[in-house]
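Notes for the one structure printed next.
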Number of protein chains: 2
Amino acid sequence: MRPGPRRSFTHAEILDAAFDLLETKGFAAVSVRGVAGSLGITPTALYTYYSSKNALLRGMIEHLLARLDLREPGGSDAVEAPDAAAIRRRIVALALRLRELLTAHAGALGLIMSGPLDGPNAMRLNETLLESFTAAGLGLDEAARAAYALQVYALGSIALESADQDADPEAAAPVDGLFPDASGTALWTDLATFPLSSRTAHVAAQHNSTDQFVWGLERLLDGLVPSA
Amino acid sequence: MRPGPRRSFTHAEILDAAFDLLETKGFAAVSVRGVAGSLGITPTALYTYYSSKNALLRGMIEHLLARLDLREPGGSDAVEAPDAAAIRRRIVALALRLRELLTAHAGALGLIMSGPLDGPNAMRLNETLLESFTAAGLGLDEAARAAYALQVYALGSIALESADQDADPEAAAPVDGLFPDASGTALWTDLATFPLSSRTAHVAAQHNSTDQFVWGLERLLDGLVPSA
DNA sequence: ACCTGAACACCGTTCAAGT
DNA sequence: ACCTGAACACCGTTCAAGT
């Protein structure tokens, strides 16, 4: 009586189990075997719900983006004739919520890199950005380019932050020398040969901060939104 | 007589073999066993050269960045008093070369995400950007933020492109329904519910193009470099 | 339709042992 | 120092079989 259609799971239950694993044990633990095991079924049974591990990861992205609040911060009826400044605030707030959402789950970046962002909720996000940029006075084609550039900046920023965070301080260099094949520039990493980098080390140390994220985002918006 | 110090490899030889695997068989083939096998040694012998797979991948990034030409396009003595426009051209050209370098090798994105960009050649790139931005009139702290924002944009752009490229068209959705847990917005992906997205589909189709890359980069530079 | 159990062809990493 | 061979604890995926 062990095999057979005893009970089944909803996709939401499976994805919840997957996110439990992601948060408690990291991205590497989100395996077909791991998720199946935490549900109490065999790995092959999971293939009934998702045809591959990649399909599972894509489902997780959608699950995450479904929780992204797309509304404007001040309420839906507060702005009647939105000026460029208000639209910028809306976009920045949305980008910040996206960043919070993705950095809250360790390894969420791995999810995004597993395939294109073309699920319904990803499109909902894109549509919202298009609305904002057209409301700011951009033409449709320009708004499409602007929305893509903004997503590039936001996701790139999160990607670099997460790459910095799982820094392995002891395994930074090969066993003995320091990158012996650096094309003859500097066999030994000498900070003195990078004067500007060493003088801005205090800024670099804060690269993965909300401040730096917003600063770059505002500069990008300076170029994207014409008037402001 | 099999084991023992018969011959040894240089780090460059090992990395060349790893890049051969990356280009011919993709990122998944760049395994400790795979690289060792193509060199004719056992996996454990590779741990003599690199203490972990991560160290190997970091070595590959440096190997790649060592080939990045950092000089200005027009020659080193052509510009005497570089104006803002010339500096912008230099930065755009550098970003384009970085993009070409990383997109030329399938899966190079996976390398960058494997850890922070802190090797000597990564610092050489950062130093060059700092020089350009300070030459454009930015203060040191602002230049550091600008250099980081530019790298965020460039790497994010390449990341999204590569995510789009290995699109698995048949495994886009779960087995039966289309993302059944999309939080009640739309159970079936209906393009009519995303009017702006559908009207800009022709632009979205060209997102991974040099044009789109440069357009967004120029908008970012509009915000970063004050005068131009 | 949903599930099990066995199997295939892989992983990264460690350990004891050889020269 | 550099290397082998065996082993540990894993992977994604497929296939035949059960209810």
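Worth knowing before you read on, the calculation uses all heavy atoms, side chains too, and leaves out hydrogens, waters and symmetry mates. In what follows, every chain begins at residue 1, and chains take the letters A, B, ... in the order their sequences are listed. No experiment lies behind these values; they were computed from the predicted model shown.
Residues I61(B) and L65(B) form a side-chain contact, since some pair of their non-hydrogen atoms from C-beta on lies under 4.5 Å apart. For the pair Y148(B)/N126(B), no side-chain contact is recorded, criterion being any heavy-atom separation below 4.5 Å from C-beta on.
Distances were taken from every side-chain heavy atom of T44(B) (C-beta onward) to each of dT4(C), dG12(D), dG5(D); the shortest belongs to dG5(D). Picking from dC2(D), dT13(D), dG12(C) the nucleotide with the shortest atom distance to the side chain of K53(A) gives dT13(D).
The nearest whole Å value for the distance from the CG atom in L57(A) to the C1' atom in dC11(D) is 14 Å. Taking atom CZ of F27(A) as the reference point, atom P of dG12(D) lies 10 Å away to the nearest angstrom. Rounded to whole Å, atom P of dC2(C) lies 12 Å from atom CZ of F9(A). Here dT13(D) presents its C1' atom at 14 Å from CG of L56(A), a figure rounded to the nearest Å. When the P atom of dT4(C) is taken as reference, atom CG of L46(A) falls 10 Å away, rounded to whole Å. Straight-line distance from the CD1 atom of I14(B) to the P atom of dC2(D): 10 Å, rounded to whole Å. Rounded to whole angstrom, the span from the OH atom of Y50(A) across to the P atom of dG12(D) amounts to 15 Å. The nearest whole Å value for the distance from the NZ atom in K25(B) to the P atom in dC10(C) is 10 Å.
The P atoms of dC10(C) and dA9(D) are separated by 22 Å, rounded to the nearest whole Å.
Within the cation-pi definition used here (under 6.0 Å to the ring centroid, within 45° of the axis), R99(A) qualifies as a partner of F213(A).
For the OP1/OP2 pair of dC15(D) and a distance below 4.0 Å, the side-chain nitrogens and oxygens of Y47(A) include no atom meeting the criterion.
Across the interface with DNA chain D, nearest-nucleotide mapping of V32(A) and A45(B) shows A45(B) to be the residue nearer the 5′ end. When each of P43(A) and R33(A) is assigned the nucleotide of DNA chain C bearing its nearest heavy atom, the one mapping closer to the 5' terminus is P43(A).
Within the shown strands, nothing qualifies as a pairing partner of dC11(C) under the Watson-Crick or G-U definition with both distances less than 3.5 Å. When Watson-Crick and G-U wobble pairs are counted only if both distances are under 3.5 Å, dT4(D) pairs with dA16(C).
Nucleic acid contact for T42(B): base, since at least one base atom lies under 4.0 Å from a heavy atom of the residue.
The pair D20(A)-K25(A) does not meet the salt-bridge criterion, since no charged nitrogen lies less than 4.0 angstrom from a carboxylate oxygen.
We find the CG-CZ distance between D118(A) and R58(A) to be 5.0 Å, quoted to the nearest 0.5 Å.
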